[in-house]
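Have a look at the structure below before the remarks.
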Amino acid sequence: MTRKQKILLIRIIAAAVTLAAAALIPADDKIKPFLFLVPYIIAGYDIIKRAAVNIIHGQIFDEKFLMAVATIGAWVLSEYTEASAVMIFFQIGELFESIAVGKSRKSIAGLMDIKPESAAVLRDGKEIRVPPEEVEKGELVTVRPGEKIPLDGIVVQGSSSVNTAALTGESLPRDIDVGDRVVSGTVNLTGAVTVKTESVYKDSTVAKILDMVENSSSKKARTENFITRFSRYYTPCVVGAALLLAVVPPLFAGEWIKWINRALIFLVVSCPCALVISVPLSFFGGIGGASRRGILIKGSNFVEALAKADTIVFDKTGTLTTGTFTVTAVHPEKMSEQELLSVAAAAESCSNHPIAESIIAAHGSDIDRARIGKVNEYAGMGVESQIDGEYIYAGNQKLMEKAGAVWHGCHIAGTVIHIAKKGEYLGHIVITDRLKPDAAGALKELKRLGISKTVMLTGDRTEIARRTAEEAGIDEVRAELLPDGKVKEVESMLRPGKPLAFTGDGINDAPVLARADIGIAMGAMGSDAAIEAADIVLMDDRLSAIPEAVRIARKTVRIVWQNIIFALAVKAAVLTAGALGYANMWLAIFADVGVAVIVIINAMRALSSGKVRK
């Protein structure tokens, strides 16, 4: 508990003790009010003060105002015990709310701890400690065991293991060596390493994640916005109803004290804090629980949308598959296999596409860059490179048609890269990509959760796409798409009231991620495009995190509606009973504070949706 919470707890205990003493001490009617005034002031002085300040500022109709009016009215009617009890139990509800919010914030705050305090930068042969914000791109940073990696970069010296739990929820360490990429916010465990930074701090993974988490509360769910608007009109209406209940019946039947007492009960019951507290707390707990699993959700509106998701669309390469390509066959037409591989590697040498990297890796030898002239890369087709003064085309059949080369297919399943020169077909290279180990299981789980349709979008050939879809268990395949074609396909599938989620690897899928109802970025550590464009960021490569996210979202929304229905049902029943004279102040206290405590405890179940994996 925080210091403020401890002080409130002490006040509640002191008020309860003095209330019991006031009730037990024998005293005449003149002394009795002063005895009960002590617990009332201990428990409720800040409530009365806040209500007065709000009235001065024009903010009249809130729970503080309702409590002040109801308890002061009870005091005037000599209901001293009830007036003090209302204040004590209201503060108990406030304490429960504070503890619950603090627990949810603590889960989110665990992410905030990923920010490194300083960086050990090597400058002029000396190591100096500076804030991460002062480190420039391309500088060398030393990270010792136990320290957080301050900026994204490449390991240039040393080897170690890093703990990525704060970002991915994965407790198993990850080994790193020279040439490996590391991201800010992860913790170095075993050996000292030197990292060459790839960006400044404001563009680093840790900075973007912190910014995303800090702004998540600004994106409210439709249910949350409804409750905010509802309480804005609800409170004035119930105050007006209480006033009518206190004034109108006595005009005809008399018994002013009886009807004023019923109106005060009506005010206590009508306090909307159970709804106002529990709905945002439930969403906040769901977001916090997801963050513990390495699932970062940018706002409660995306929690609500994911809970209703009807269709989930997947990119293929790097999302359903590992994205690690391997050359499995080289089929030349008029040269040796090594010569074709050499030509293809030279043509692809200026591209950073995974397919290009696999061809270069298969070639093995160094490429003479002096041979390479002008290079044009055609999105979704391949590259056109000038080598030794001649244009070489390396890509799919669409590029071959552009090059005017007569190509033919291959009997081996895989991605086929055709090579041509001046309209002359030189041969093709077959490259394969493996399905991720958890892909089939994740798709099966999504089906079990009731996702009605799964679709795969890819620029790859139809036969390869279909084979991958069959292995994964995808319902529909739409292949041979250019980047803008993916956007059009997603747009054609959008339906009102049935949210569509698109899952991409976060590198080249930003337009589609932004266009879908819910953009989910896979394996996005260090991917600026993913963190910027996606609504949900999965901080590792696990496809199984998607059904986890759906379960968390559905549980959170289910808890929200449980709380709304329960709170409104109890309040409606007790309000009716109070107006008819069948409810006393103690039942009113339960309908207010008791219901608030119950829904807060229920809301905290959303936080337990995400336990860190062991």
Side-chain angles (χ1 to χ4, degrees), residues 179 314-367 377-385 387 392-401 403 405-421 424-440 456-474 477 479-481 505 507-508 522-523 541 543:
F314 294 87
D315 175 48
K316 173 181 167 285
T317 305
T319 301
L320 287 169
T321 63
T322 61
T324 304
F325 292 91
T326 305
V327 172
T328 53
V330 180
H331 295 159
E333 294 285 314
K334 300 178 179 179
M335 56 182 67
S336 68
E337 290 185 7
Q338 190 57 39
E339 286 174 328
L340 181 63
L341 197 56
S342 178
V343 169
E348 298 276 15
S349 62
C350 294
S351 174
N352 59 1
H353 193 282
I355 287 178
E357 291 174 354
S358 69
I359 293 174
I360 294 167
H363 176 247
S365 305
D366 292 336
I367 298 170
E377 191 160 358
Y378 299 99
M381 291 195 288
V383 296
E384 172 192 27
S385 301
I387 302 172
I392 301 293
Y393 298 84
N396 59 20
Q397 59 268 33
K398 292 180 181 178
L399 188 64
M400 292 300 101
E401 291 166 3
V406 179
W407 59 278
H408 60 82
C410 183
H411 65 282
I412 299 175
T415 299
V416 179
I417 303 300
H418 301 278
I419 316 297
K421 176 180 69 173
E424 180 185 3
Y425 187 63
L426 302 179
H428 56 260
I429 296 171
V430 182
I431 296 167
T432 56
D433 184 14
R434 297 188 307 276
L435 196 69
K436 285 181 179 176
D438 64 341
M456 183 175 76
L457 304 182
T458 179
D460 217 337
R461 286 164 43 207
T462 302
E463 56 269 30
I464 298 172
R466 284 178 178 166
R467 187 192 66 180
T468 302
E470 287 174 6
E471 291 178 13
I474 295 281
V477 178
E480 301 183 36
L481 298 171
D505 61 1
I507 297 171
N508 55 6
M522 288 285 303
D541 247 1
L543 276 165

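Quick note: numbers below take in every heavy atom, side chains included, and nothing from hydrogens, waters or symmetry partners.
- One finds the CG atom of Leu543 at 6.0 Å from the CG atom of Leu320 (value rounded to the nearest 0.5 Å).
- Looking at heavy atoms from C-beta onward, Val477 lies out of side-chain contact with Thr462 at the 4.5 angstrom threshold.
- Across all non-hydrogen atoms, the minimal contact from Ser358 to Ile431 is OG-CD1, 3.6 Å.
- For the atom pair OG1 (Thr468) and CG (Asp433), the distance works out to 7.5 Å, reported to the nearest 0.5 Å.
- Note that CZ of Phe314 is 11.0 Å distant from CG of Leu457, once rounded to the nearest 0.5 Å.
- Note on ring orientation: taking the six-membered ring where Trp is involved, the planes of His331 and His428 are perpendicular (angle over 60°, cut-offs 30° and 60°).
- The shortest heavy-atom contact between Leu435 and Thr322 is O-CG2, 4.3 Å.
- Between Ala347 and Val383, the shortest heavy-atom contact is O-CG2, 3.5 Å.
- Between the OG1 atom of Thr321 and the CD1 atom of Ile464 there is a distance of 11.0 Å, given to the nearest 0.5 Å.
- In this view, Thr326 satisfies the side chain to side chain contact (heavy atoms under 4.5 Å, CB included) rule with no residue, not counting sequence neighbours.
- Heavy atoms only, all atoms of each residue included: Ile360 and Ser349 are closest at CD1-CA, 3.6 Å.
- Residues satisfying the side chain to side chain contact (heavy atoms under 4.5 Å, CB included) test with Thr458, not counting sequence neighbours, are Lys316, Met456, Asp460, Ala465, Ala479.
- Summarising the geometry of Gly395 relative to Met400, their closest heavy-atom pair is N-CE, 4.3 Å, with the distance given to 0.1 Å.
- Annotation: side chain of His363 is in contact with side chain of Gln338 (closest heavy-atom distance under 4.5 Å).
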Residue pair Val416, Trp407: steps toward the side-chain contact (heavy atoms from CB on, under 4.5 Å) verdict
CA-CA 11 Å; Val416 179; Trp407 59 278; over 6 Å; no
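- Of the N and O atoms on the side chains of His408 and Glu333, at least one donor lies less than 3.5 Å from an acceptor on the other residue.
- The minimum heavy-atom distance between Ala362 and Leu341, with the atom names listed, is O-CD2, 3.6 Å.
- At a threshold of 4.5 Å between non-hydrogen side-chain atoms, the residues His418 and Leu399 do not count as touching.
- Annotation: the span from Leu426 atom CG to Glu339 atom CD amounts to 10.5 Å, rounded to 0.5 Å.
- Between atom CD1 of residue Ile359 and atom CD1 of residue Ile417 there is a gap of 5.5 Å, rounded to the nearest 0.5 Å.
- Looking at Lys436 and Met522, their side chains come closer than 4.5 Å, going by heavy atoms from C-beta outward.
- The number of heavy atoms from other shown groups lying within 6.0 Å of CZ (Arg467) is above 12.
- In this structure Glu357 satisfies the side chain to side chain contact (heavy atoms under 4.5 Å, CB included) test together with Asn352, sequence neighbours excluded.
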